[in-house]
Amino acid sequence: MLKVIKKVGNARLCDFETVHGTIHTPAFMNVATAGAIKGGLSAVDLENIETQVMLCNTYHLHVRPGDDLIHDLGGLHKFTGWSGPILTDSGGFQVFSLAACRKLKEEGCHFRSHIDGSKHLFTPQSVMDTERTIGADIM
């Protein structure tokens with residue numbers, strides 16, 4: 001649920017409620033591309049600096065460690081140790097930036113993992129399925 005607190009021109013101050021907490025916007029999102037913040041910050045550190053939301057990347061999580069493993073470990077929140085809201089981006093930029101490893105076809109984007117060369121297919125539906133499987137709050 002999104003509650004607009006104040007609007008000035010096109011800018012909005014909002015409260016965005018998720019299952020794992022409320023995000024007061026505008027908000028800074030710590031980037032945990034593959035489920036961890038670079039530089040050694042832990043989930044406890046993020047809470048101590050009053051982080052509101054963690055951003056993870058679907059492409060990176062999909063190719064390593066994988067959707068099923070994250071799901072089997074209890075989802076993205078347990079995997080990261082973060083209890084607050086998690087936003088996942090689609091990973092589309094990563095797939096498109098790896099032009100040598102991908103082929104665009106009618107059914108979606110076929111690509112090889114930059115990690116191990118394994119073959120994958122991203123479609124809008126498969127990416128949403130991945131984000132649901134790993135337990136993202138905002139997709």
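Heavy atoms from other residues, nucleotides or ligands lying under 6.0 Å from NE2 of H114 number more than 12. Under a cut-off of 6.0 angstrom, the local environment of CZ in R102 is crowded, with over 12 non-hydrogen atoms contributed by other residues, nucleotides or ligands. Under a cut-off of 6.0 angstrom, the local environment of CZ in R12 is sparse, with at most 12 non-hydrogen atoms contributed by other residues, nucleotides or ligands.
T123 approaches E107 most closely through the heavy-atom pair CG2-O, 2.9 Å. T33 and H60 make their closest contact through CG2-CD2, 3.2 Å (heavy atoms, listed as atom of the first residue, atom of the second, distance). The shortest heavy-atom contact between A27 and Q52 is CB-NE2, 3.7 Å. Smallest separation of non-hydrogen atoms from G40 and D45: O-OD2, 3.9 Å. For S90 against T58, the heavy-atom pair with the smallest separation is O-CB, 3.6 Å. Nearest heavy atoms, G21 versus P85: O-CG, 3.7 Å.
When the side chains of ILVMFWY residues are joined at heavy-atom separations under 4.5 Å, either directly or via intervening members, V53 and L2 end up in a single hydrophobic cluster. Using a 4.5 Å cut-off between side-chain heavy atoms of Ile, Leu, Val, Met, Phe, Trp and Tyr, with links allowed through other members, L55 and W82 fall into different hydrophobic clusters. Cluster annotation: V31 and L87 are assigned to the same hydrophobic cluster (Ile/Leu/Val/Met/Phe/Trp/Tyr, side-chain heavy-atom contacts under 4.5 Å, transitive). Tracing side-chain contacts under 4.5 Å through hydrophobic residues (I, L, V, M, F, W, Y), one reaches I70 starting from M54; they form part of the same cluster. Under a hydrophobic clustering in which Ile, Leu, Val, Met, Phe, Trp and Tyr are joined whenever their side-chain heavy atoms come within less than 4.5 Å, directly or via other members, V127 and L61 fall into different clusters.
Using modelled atom types and a 3.5 Å distance limit, the side chains of T130 and D67 yield a donor-acceptor pair. No side-chain donor from either of S126 and D129 sits under 3.5 Å from a side-chain acceptor of the other.
Counting heavy atoms from C-beta on, the side chains of L41 and T51 never come closer than 4.5 Å. L73 places none of its side-chain heavy atoms less than 4.5 Å from the side chain of K78. F79 has its side chain within reach of P65: a pair of non-hydrogen atoms, C-beta onward, lies under 4.5 Å apart.
In terms of modelled atom types and a separation under 3.5 Å, the side chain of T25 and the main chain of L13 share no donor-acceptor contact. Remark: the backbone N or O of I86 is paired with a side-chain donor or acceptor of D137 at under 3.5 angstrom. In terms of modelled atom types and a separation under 3.5 Å, the side chain of S113 and the main chain of S118 share no donor-acceptor contact.
Separating the CD1 atom in I37 from the CG atom in N30 is a distance of 4.5 Å, to the nearest 0.5 Å. Within the model, atoms NE2 of H24 and CD of E17 stand 9.5 Å from one another, a figure rounded to the nearest 0.5 Å. In this structure, the separation between NZ on K7 and SG on C14 is 9.5 Å, given to the nearest 0.5 Å. To the nearest 0.5 angstrom, H62 atom NE2 is 12.0 Å from I115 atom CD1. Remark: L104 CG to F96 CZ distance equals 4.5 Å, nearest 0.5 Å. The distance from the CD1 atom of I138 to the CE atom of M29 is 7.0 Å, given to the nearest 0.5 Å.
The aromatic rings of F111 and F122 stand perpendicular to each other, their planes meeting at an angle above 60°, with 30° marking the opposite boundary.
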